[in-house]
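Take a look at the structure set out below.
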Amino acid sequence: KPPAASTVQPVTPAGTPTLKLWAGDSNYHLPEGDLKGSLDLPRIIETIQKSGLDFVFFTPAVKSRFYEDQSALETTLQKWREQRQFLETIPDPKPLFLPGLEYVDKNNGSVSLLFLDLPLLLADLRAQNFRQSPQLFFYSSKAFGALLSINTPFATSVKLPVDAPDRYT
């Protein structure tokens, strides 16, 4: 019979550094508003700190194929830059703020592109390439260091609770 889990002691080789588990949110949105004045910054920071988060990916939502319309593309880039500039003005102590983007497709769900530097991606690649091949946006994002995380894989909501014969009680 194996020993109880509480009596098993982990074996750590000598000289091994202590590891820390970091907690974070990979799909955080700032409330809508003026980044220069109307946001309640102390409340936002307090909420993040009270939740015990060490890092937060700020992922402004963009509509699918935003790059197909020049005006939408420029607006998206401007909002992305403004948000990054705003986050850099927040004084320490603060959680680690990381860049990202949430790509929202009403027919297919949403994907977070974590670590994505959108202006860098678009400075190197022309949006017209994405128009011709939409999947290229995701492949290129990955090539530029983004990590893709599926948020909502279904555009059609599933009724909860799921009714099935082997449902947990």
Side-chain angles (χ1 to χ4, degrees), residues 21-160:
L21 181 62
W22 285 51
D25 186 336
S26 64
N27 190 23
Y28 192 90
H29 303 285
L30 286 173
E32 287 296 321
D34 179 11
L35 294 177
K36 295 175 178 69
S38 66
L39 292 180
D40 186 353
L41 182 59
R43 195 172 122 250
I44 292 169
I45 299 298
E46 179 184 6
T47 301
I48 292 170
Q49 289 174 332
K50 277 186 177 179
S51 66
L53 298 178
D54 298 301
F55 66 89
V56 175
F57 281 95
F58 282 93
T59 54
V62 299
K63 292 191 316 188
S64 63
R65 299 185 181 206
F66 68 94
Y67 44 77
E68 289 183 347
D69 176 84
Q70 189 62 34
S71 175
L73 175 64
E74 289 170 10
T75 300
T76 299
L77 278 168
Q78 183 62 29
K79 282 185 173 183
W80 194 96
R81 285 185 183 108
E82 286 174 1
Q83 181 171 287
R84 293 304 305 160
Q85 290 169 352
F86 170 74
L87 294 171
E88 289 171 9
T89 66
I90 299 172
D92 287 327
K94 63 184 175 189
L96 176 60
F97 292 142
L98 299 162
L101 181 73
E102 181 182 21
Y103 185 95
V104 180
D105 184 323
K106 67 179 183 175
N107 295 319
N108 298 303
S110 70
V111 173
S112 285
L113 294 104
L114 309 176
F115 299 108
L116 178 66
D117 186 335
L118 185 61
L120 179 66
L121 172 70
L122 293 173
D124 196 59
L125 298 169
R126 291 187 170 75
Q128 69 188 26
N129 296 335
F130 302 142
R131 290 183 197 119
Q132 295 164 359
S133 178
Q135 66 272 25
L136 182 62
F137 176 73
F138 296 102
Y139 293 134
S140 300
S141 296
K142 185 175 178 235
F144 274 76
L147 173 69
L148 281 64
S149 171
I150 297 173
N151 300 326
T152 52
F154 304 111
T156 307
S157 58
V158 176
K159 284 189 170 192
L160 294 174

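Under the 3.5 Å distance criterion, with hydrogens and angles disregarded, a donor-acceptor pair is assigned to the side chains of S110 and E102.
Taking the centre of each ring, F66 and F137 come in below the 6.0 Å mark. Between F55 and F97, the ring center distance fails the sub-6.0 Å criterion.
Closest heavy-atom contact between W80 and G100: NE1-O, 3.3 Å. Heavy atoms only, all atoms of each residue included: F57 and P99 are closest at CD2-O, 3.4 Å. The shortest heavy-atom contact between L121 and S141 is CD2-OG, 3.6 Å. A pairwise comparison of heavy atoms in L21 and D54 identifies O-OD2, 4.0 Å as the closest pair. Closest heavy-atom contact between A61 and V104: CB-CG2, 4.0 Å. Minimum heavy-atom separation, S26 to S112: O-OG, 3.6 Å.
Taking CG of L113 as the start and CG of L118 as the end, the distance is 9.0 Å to the nearest 0.5 Å. Once rounded to the nearest 0.5 Å, the distance linking CD of Q135 with CZ of F130 reads 11.0 Å. If you take CG on L87 and OG1 on T89, they are separated by 7.5 Å, rounding to the nearest 0.5 Å. Between the OG1 atom in T47 and the CG atom in L53 there is a gap of 10.0 Å [rounded to 0.5 Å]. Atom CG of D117 and atom CZ of F144 lie 9.5 Å apart (nearest 0.5 Å). Rounding to the nearest 0.5 Å places CD of Q83 at 9.5 Å from CG of L101.
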Exercise. Which is it for V111 and N151 under the side-chain contact (heavy atoms from CB on, under 4.5 Å) test, yes or no, and what are the steps along the way?
Worked result: CA-CA 5 Å; V111 173; N151 300 326; 5.6 Å; no

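Partners of Q78 according to the side-chain hydrogen bond (donor to acceptor under 3.5 Å, both in side chains) rule, which considers only residues two or more places apart in sequence or in another chain, are E82. Evaluation of the side chain to side chain contact (heavy atoms under 4.5 Å, CB included) rule for R81 yields L77, P119 as partners, not counting sequence neighbours. Residues that satisfy the side-chain hydrogen bond (donor to acceptor under 3.5 Å, both in side chains) test with T59, not counting sequence neighbours, are N27.
The aromatic rings of Y103 and Y67 lie parallel to each other, with less than 30° between the two planes, well short of the 60° mark.
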